[in-house]
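Below is one structure, written out as structure tokens, with a few remarks after it.
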Amino acid sequence: MRLEAVLQSKFGYPAFRPGQKEIIESVLSGRNTVAMLPTGTGKSLCYQLPGYVIEGQVIIISPLLSLMQDQAEQLMMNGEKKVIAFNSFLTSAEKKQALIHLNQYKFIFISPEMLYYESVLSQLKKLRIALFVVDEAHCISQWGYDFRPDYLKLGEVRKIIGNPVTLALTATATSEVKGDIKKSLGILDDCSEFIYSVDRPNIALSVERLDNFREKTERLVELAEILKGPGIIYFSSKKKAEQSAELLRDKGAKRVMAYHGGMDQESRILVQQQFIHGQLDLICATSAFGMGINKDNIRYVIHFHMPLQIESYLQEIGRAGRDGKQSIAIMLYSPGDEQLPIQLAESELPDKAQIDWIMEWVEENPNAIPNIGLFEEQIKQRSGLTDVQWRIFNDFFDRKSKSGLDYRRILQDMKGYYEGRIKLKRDSIEEVYKWIHKKTCRRENILSYFDEGKNASVPSCCDICGLQLGNFTRNTNSDNQESPLYDWKNHLEYLLIPSE
Amino acid sequence: MERSYLKTVIMYCVKELQGQRTIYSILHLLNGKKSSQTIQDAHLFQLTPLFRTFGSLSRDVLDQLAQELVSSCWMAPTDEKHFILTSEGQEELGRSLLECPIPSSLNGWLYHSAGDLFWERITLLIQVISHLNNNNVKYLPIQRKRDVHEWLKYFLRTSGFARNEVGVVLNRELCQCLERLSDINPAVLTLRLTGYNRIGLTAVQTSEQLGISHDYYHHQFLGAIHHILASVKENPAEYPLIDKLVSGTGNEVQLTLSAQKTYTLLKQGLNLDVIAKTRNLKKSTIEDHVVEIALNDSGFNITSYVSEKKQKLILQAANSADSLQLKQIRQMVPESDYFEIRLVMAKLGEGQ
Ligand SMILES: [Zn+2]
């Protein structure tokens, strides 16, 4: 019962959730482990708890800065002081300081691009690494939608730091992607696998078809009015999230706010905290919202725009119902909605014309080839690459030219590679499109996408199997109380004077 | 978005500028551009309180609002991008300022940088006190910047106040200070504070709760902050704890980096020609720096650049001229050059 005791004393939970204990026991016994746990079921505990049981450091590679920051802060909130998030948020002085004292930390979060620095690697080598965690491990796969070129280095990094026990965590991975994870990390023949169903039976699935954008908006207003909150509505544009929050407030829903990456940091923190503390009922968000948010009682998630892939859809709806209670995910669809994600997907990668422009530039500047990264500004200027496009380009070029390929060949390969990526993205969108249009059980279709079968009967399954929206609506007027008059002196006193 | 208050501010600037500067000098002023020209204009036309009080105003928005002001016949162009108020505009401005006066405590020039840092510190401190009072250690800090956290640790260690006393003293000082706000509701500030089980509102939420436009709210919020900073500066003994919060927020002489370098060399006794040569800059640029220094450092004596006699002549001319255009003053005091006139005007702005 030792692990349960740690769980209780360090985290205050009485029992493990399904899967957690098995995964923790596996890494504690020194086995490399690939674990797939659905979103919302406590993945991070699988590396946090071992940190308190074994000697040495836990290194966590995390692909998204905001996610990493949230995870590090959660540990700190739990009273853990020996945490550092080693990423580009740190100033260079802070980085230096942190590197010198790296061995004094227990949990070290690192963003993958930091691993390019020799100074970082050499410090890592000196540590006694108890556990090497790759979070969101599906980003390693070139077949995965979220492919991160930086992640390809992880296998090599792992070797350099002495093949520590490795835990690869992901919420969603097809069998192809799972294979890639193991291969890239170099643990193909030497690892245990714990795969739990991506299914969350307490989340009902529904797709509503509407004729056009206007009808969708009207339906959104209606749903926000009747559904029992708290809820999240996802949009694929900041502007639409902002406008919808305003529209809903105009319609009388007071406790609604937008959340997106374009807001200043203080407002983002406040809105997120207001939602967690129950001061808001509804968030109109972009996909920037929700990662690392610990809120158990979200009752519904609505998608106003079509998601780019089944995987991200599952992640987003997975934020509902973490307390195990009945919740619902609703996707609003109107014909033509698939155009927007296709445009978004295509704009992420450089196109053929841009690569031709780069080709011309390289021909004029052959000396730049070995250090192409130094010419970022010039190349961006010539070809109009965005920051994201540049990173993808630079990484590809660097990797290929190190392996001795001629630049003409590299750029030629690149075109083929990008075409492949774009096709992959189109295919992902096509999967979502097909899912929306199929006339058979929605849960079964998602599960079969991940090579799973549907378990016995789920009571409120999906709109095709039959759903009563009435099960998800709220009692009217329950939250219509007027707030008491605000008195600033009372408020200050509440904040500053102990109440005894 | 409702922007009539911002339009009022723009009209106010247009009035003060008397058609002598382009509309974009207002953009630079409100954005808080640290160029010698902007800084001098702010002083010359007594617009320093508005310096960097709409940091994110864009050129497009300004253009559009200016266009609207022209369509309403409140403003008329005199030259390319130069405007003056029409008589209807003057009336409208008077009416608007009566309804939504620019907060009297607003002082962007003096407090723009100290204000930001002060806000980060005090919001974090209040959050920490509130959670300490309730024996809760599990919460997410409302400020993420590492240096603010470092500062707080340092403050709690060295403030000289007992932990259980800090909240009581801060409450007393804040109440006392905010009560003296004449034209601003203290709620503009307090509604945004976060503590135990109560998360503060964002700027947008606060303005909506108070029923004022975002722009007007923004100025009132800054006005309240600047009021606190000014109160502490004037009477530190009355606000010993807030005084500690303000210390080191760096509000002494503010110069552009380049002007700072020039100032260092000036203090070493080098003359302008030598400085220009050493720094490989034009002499006119160095002169810009000297004017900037004169504007910023009230202790800077300009007599070694303009004789007292000339200063008097220039002042007389400035007082009798119907505009503050340098050219006009120059015609009245032909023996002086523009550099000398600008220096005297810099000191003139200070006096007001
Ligand atoms: Zn079904």
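Residue numbers start from 1 in every chain, and the chains themselves are labelled A, B, ... in the order their sequence lines are given, proteins ahead of strands.
Per-residue counts of heavy-atom pairs under 4.5 Å with chain B were compared for A:H277, A:M263, A:E73; the largest is that of A:E73. Of the residues considered (A:K254, A:E493, A:M257), A:M257 shows the highest number of contacts with chain B, using heavy-atom pairs under 4.5 Å. The most heavy-atom pairs under 4.5 Å with chain A, out of B:L189, B:T123, B:L170, B:L191, come from B:L191. When B:A187, B:A203, B:P186 are compared by the number of non-hydrogen pairs under 4.5 Å with chain A, B:P186 comes out ahead.
Residues of residues 96-105 of chain A having a heavy atom under 4.5 Å from any heavy atom of chain B: none.
With a 4.5 angstrom heavy-atom cutoff, A:E246 does not touch chain B via any of its atoms. For a residue to count as touching a neighbouring chain, one of its non-hydrogen atoms must lie under 4.5 Å from one of that chain's; by this rule B:L132 does not touch chain A. In this structure, chain A has no heavy atom under 4.5 Å from any part of B:L125. Heavy atoms of B:E179 lying under 4.5 Å from chain A belong to its backbone as well as its side chain. For A:L90, the part lying under 4.5 angstrom from a heavy atom of chain B is the side chain only. When heavy atoms are compared at a cutoff of 4.5 Å, B:Y139 approaches chain A solely by way of its backbone atoms N, CA, C and O. Interface remark: A:Q265 contributes side-chain atoms only to the contact with chain B (heavy atom separation under 4.5 Å).
B:N133 contributes a side-chain N or O that, together with a main-chain N or O of A:L496, makes up a donor-acceptor pair within less than 3.5 Å. Formation of a donor-acceptor pair under 3.5 Å by the A:Q273 side chain with backbone atoms of B:I142 is not found in this model.
The number of heavy-atom neighbours closer than 6.0 Å to NZ of B:K138, taken from other residues, nucleotides and ligands shown, is above 12. Shown here is A:F11, whose CZ atom has more than 12 heavy atoms of other residues, nucleotides or ligands within 6.0 Å. Within a 6.0 Å sphere centred on NZ of A:K238, heavy atoms belonging to other residues, nucleotides or ligands number 12 at most. In this structure, B:K145 places its NZ atom where only 12 or fewer heavy-atom neighbours from other residues, nucleotides or ligands lie under 6.0 Å away. Counting heavy-atom neighbours within 6.0 Å of B:Q176 CD, excluding the residue itself, gives a total above 12.
Here the shortest heavy-atom pairing between B:N197 and A:Q279 reads O-OE1, 4.3 Å.
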Evaluate the side-chain contact (heavy atoms from CB on, under 4.5 Å) criterion for residues A:Y486 and B:T190: first the C-alpha distance (whole Å), next the side-chain angles of each, then the deciding distance (0.1 Å), finally the verdict. CA-CA 10 Å; A:Y486 180 76; B:T190 57; 2.7 Å; yes

Show, in sequence, the C-alpha distance, side-chain angles and deciding distance for B:Q205 and A:Q274, and conclude whether the side chain to side chain donor-acceptor pair (under 3.5 Å) test is met. CA-CA 12 Å; B:Q205 288 172 319; A:Q274 287 170 6; 2.8 Å; yes

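At a threshold of 4.0 Å, the pair A:E266-B:R144 does not count as salt-bridged, since none of the basic side-chain nitrogens sits closer than that to a carboxylate oxygen.
Annotation: side chain of A:L495 is not in contact with side chain of B:I129 (no heavy-atom distance under 4.5 Å). Counting heavy atoms from C-beta outward, B:T194 and A:I269 have side chains that stay 4.5 Å or more apart. For the pair A:M77/B:L140, a side-chain contact is recorded, criterion being any heavy-atom separation below 4.5 Å from C-beta on. The side-chain heavy atoms of B:L201 and A:L270, taken from C-beta on, include no pair separated by under 4.5 Å.
Taking CG of A:L492 as the reference point, atom CG of B:N171 lies at 5.5 Å (rounded to 0.5 Å).
There is no side-chain donor-acceptor pair under 3.5 Å between A:Y494 and B:S130.
Residues that satisfy the side-chain hydrogen bond (donor to acceptor under 3.5 Å, both in side chains) test with A:W488, not counting sequence neighbours, are absent from this structure.
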